[in-house]
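Heads up, the thing below is written out as C-alpha cells.
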Amino acid sequence: MSVRTQLELNLKSVEDRIGAACARANRMRADVTLVAVTKSVGAEVAGMLFDLGVRDFGESRPQSLWAKAATLPPTVRWHQIGHLQRNKLERTLPLVALTHSVDNLRLLDSIDKWSEKQQRRSDVLLEFNMSREEEKTGFALTELPAIIERLTTLRSTCVRGLMTMAALADDPEQSRPAFAELRVLRDRLRTVVPDPHSFQHLSMGMTQDFEIAIAEGATLVRIGSALFEGVP
Ligand SMILES: *Cc1c(COP(=O)(O)O)cnc(C)c1O
C-alpha cells in the first residue's frame, strides 16, 4: 500500500471515530477540531495530510514546527502543543495560530510583552497538570488565584481556554476524571475572568483517549499515532 493510501485510510478511520464520538455526546462535528500531531513524521508526510484536507497541525518541539512551517503551505494553522521556552517564543509566535502549552506565569508575561511590542495579539491556552504527575508540565490548581489576578493585567494576549494531558493508561476511561475536572475548571474561569479572555476551548485527548475527551467537552483533539500507524 502506498503511504498516501495508508494515510487516507488512517484519516478516514480517525474521522469516523471523531464523528461517532460527537454523535454519542450530542455534539456537532464542527465543534471539535482535529489537530494532526506531526512530530513523528517528516514534512513530506505532513504535506500529504494537508493534501487530504487537514488544516490544523501541531508540533511539540518549536524547532520542528519552524522546519515544517517553512515547507508546508501558509494556509496551515499551526499549534504549539509542547513546552515553549521563553527564548524560542520570538520565532514561534509569528507562525502559530494557538499556543496550547502556556505552563507558567513568566512565559505568559513574556508572550504578552513580545506581542505588545509587535502590536499583535497572541491566542493561548493555559496548560494544567490534572494528572498531578510530578514529571508533567502545567499549572497546579493551587496557582489559580495568582493566574486569575495576572490575566487581568495582560494587554495583548487572549486566553482562549485550557489544555491538559492525561496520564498514560491502558484504559481510556482512566483519563475521564482529569478531562471532566478540566471542563469544570474552564466553566468556572469563564464566569470569573473578564474579556477579552474567552475560555471557549478545551484541548484534551490524544490517540489513547480522544473519544473520552470528546464526551467530556474537548474542542481540540491532538492526534498523532492513530494518523501515522503503518506510515514509515
Ligand atoms: C505527541 C503528543 C500528542 C499526540 O499523541 P498521540 O498519542 O501520538 O496521538 C498530543 N499532545 C501532545 C502534547 C503531544 O506531545
Side-chain angles (χ1 to χ4, degrees), residues 6-7 9-22 24-25 27 29 31-42 45-46 49-50 52 54-62 64-65 68 76-84 96-103 124-139 160-183 185-186 200-231:
Q6 179 73 61
L7 268 180
L9 288 174
N10 291 355
L11 178 60
K12 167 97 174 55
S13 154
V14 167
E15 273 297 339
D16 287 349
R17 289 171 61 189
I18 292 175
C22 286
R24 282 195 300 273
R27 300 185 58 201
R29 171 64 188 87
D31 293 341
V32 179
T33 299
L34 164 64
V35 178
V37 178
T38 46
K39 67 185 176 205
S40 66
V41 296
V45 171
L49 209 52
F50 179 91
L52 291 168
V54 176
R55 288 295 174 271
D56 290 86
F57 287 75
E59 281 286 334
S60 44
R61 290 175 61 243
S64 309
L65 192 151
K68 286 202 183 76
V76 167
R77 284 182 295 272
W78 285 102
H79 299 252
Q80 171 62 35
I81 62 168
H83 182 65
L84 179 61
V96 301
L98 186 64
T99 301
H100 293 222
S101 44
V102 172
D103 54 12
V124 304
L125 306 179
L126 304 178
E127 178 178 356
F128 275 83
N129 180 358
M130 301 315 266
S131 63
R132 296 167 176 83
E133 293 164 288
E134 261 179 37
E135 70 280 7
K136 281 245 171 81
T137 52
F139 288 106
R160 298 294 179 208
L162 306 180
M163 181 268 220
T164 200
M165 275 174 93
L168 268 182
D170 296 327
D171 178 4
E173 278 294 338
Q174 286 183 267
S175 303
R176 193 184 290 273
F179 293 162
E181 200 180 2
L182 193 73
R183 171 168 43 79
L185 177 60
R186 189 275 312 262
Q200 71 267 46
H201 283 303
L202 284 172
S203 169
M204 55 193 198
M206 331 197 309
T207 292
Q208 69 166 5
D209 52 19
F210 69 87
E211 283 137 321
I212 301 289
I214 290 170
E216 294 299 332
T219 62
L220 297 154
V221 288
R222 311 178 309 266
I223 300 179
S225 325
L227 289 172
F228 302 113
E229 246 175 60
V231 173

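Computed from heavy atoms alone, side chains included, the values below leave out hydrogens, waters and symmetry copies.
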Worked verdict on Leu49 versus Phe228 for side-chain contact (heavy atoms from CB on, under 4.5 Å): CA-CA 10 Å; Leu49 209 52; Phe228 302 113; 3.6 Å; yes
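Contact check for Thr33 versus Thr219: no side-chain heavy atoms found under the 4.5 Å cut-off. Using a 4.5 Å heavy-atom threshold, the side chains of Ser131 and Asn129 count as touching. A heavy-atom distance below 4.5 Å is not found between the side chains of Ile81 and Ser101. Two residues are said to be in side-chain contact when any heavy atoms from C-beta on lie closer than 4.5 Å; Leu125 and Leu220 meet this criterion. In this structure, the side chains of Lys39 and Ser64 stay at 4.5 Å or more apart for every pair of heavy atoms. You'll find the side chain of Val37 stays beyond 4.5 Å of the side chain of Thr207, heavy atoms only.
Lys68 places no side-chain N or O within donor-acceptor distance of the main-chain N or O of Phe57, the cut-off being under 3.5 Å. Side-chain atoms of Gln208 come within 3.5 Å of backbone N or O of Ala167 as a donor-acceptor pair. Between the side chain of Thr164 and the backbone N or O of Phe128, at least one donor-acceptor pair lies under 3.5 Å. The backbone N or O of Met130 sits nowhere less than 3.5 Å from a side-chain atom of Lys136 that would complete a donor-acceptor pair.
Atom NZ of Lys12 is separated from atom CG of Leu7 by 15.0 Å, given to the nearest 0.5 angstrom. With rounding to the nearest 0.5 angstrom, the CD1 atom of Ile223 is 13.5 Å from the OG1 atom of Thr38. In this structure, CE on Met163 lies 13.5 Å from NE2 on His201, to the nearest 0.5 angstrom. Here the CE atom belonging to Met204 is positioned 11.5 Å from the CD atom belonging to Glu181, to the nearest 0.5 angstrom. Taking OG1 from Thr137 and CG from Asp103, the interatomic distance works out to 5.0 Å, rounded to the nearest 0.5 Å. With rounding to the nearest 0.5 Å, the separation of OG in Ser40 from CG in Leu227 is 9.0 Å.
With sequence neighbours excluded, the residues that form a side chain to side chain contact (heavy atoms under 4.5 Å, CB included) with Val32 are Ile18, Cys22, Arg27, Arg29, Ile214, Val221.
Here salt bridge (charged side-chain N to carboxylate O under 4.0 Å, His left out) pairs that include residues 167-176, with residues two or more places apart or in two chains, are Glu173-Arg176, Arg176-Glu216.
Nearest heavy atom pair, residue Leu65 against residue Val96, reads CD1-CG1, 3.7 Å. In terms of heavy-atom proximity, Val54 sits nearest to Asp56 at CG1-O, 3.6 Å. Residue Ser175 comes nearest to Asp209 through the heavy atom pair OG-OD2, 2.7 Å, listed as atom of the first residue, atom of the second, then distance. Taking every heavy atom of both residues into account, Ala46 and Val41 meet most closely at N-CG2, 4.3 Å. The shortest heavy-atom contact between Val35 and Gly58 is CG1-N, 3.6 Å. Here the shortest heavy-atom pairing between Gly205 and Phe179 reads N-CZ, 3.7 Å.
Cation-pi geometry between Arg55 and Phe50 is satisfied (NZ or CZ under 6.0 Å from the ring centre, within 45° of the ring normal).
The aromatic rings of His100 and His79 sit perpendicular, their planes meeting at an angle over 60°, well past the 30° parallel limit.
A donor atom on one side chain and an acceptor atom on the other are found under 3.5 Å apart for Gln6 and Asn10.
Within 6.0 Å of atom CD in Glu135, more than 12 heavy atoms from other residues, nucleotides or ligands are found, so the atom counts as buried in its surroundings.
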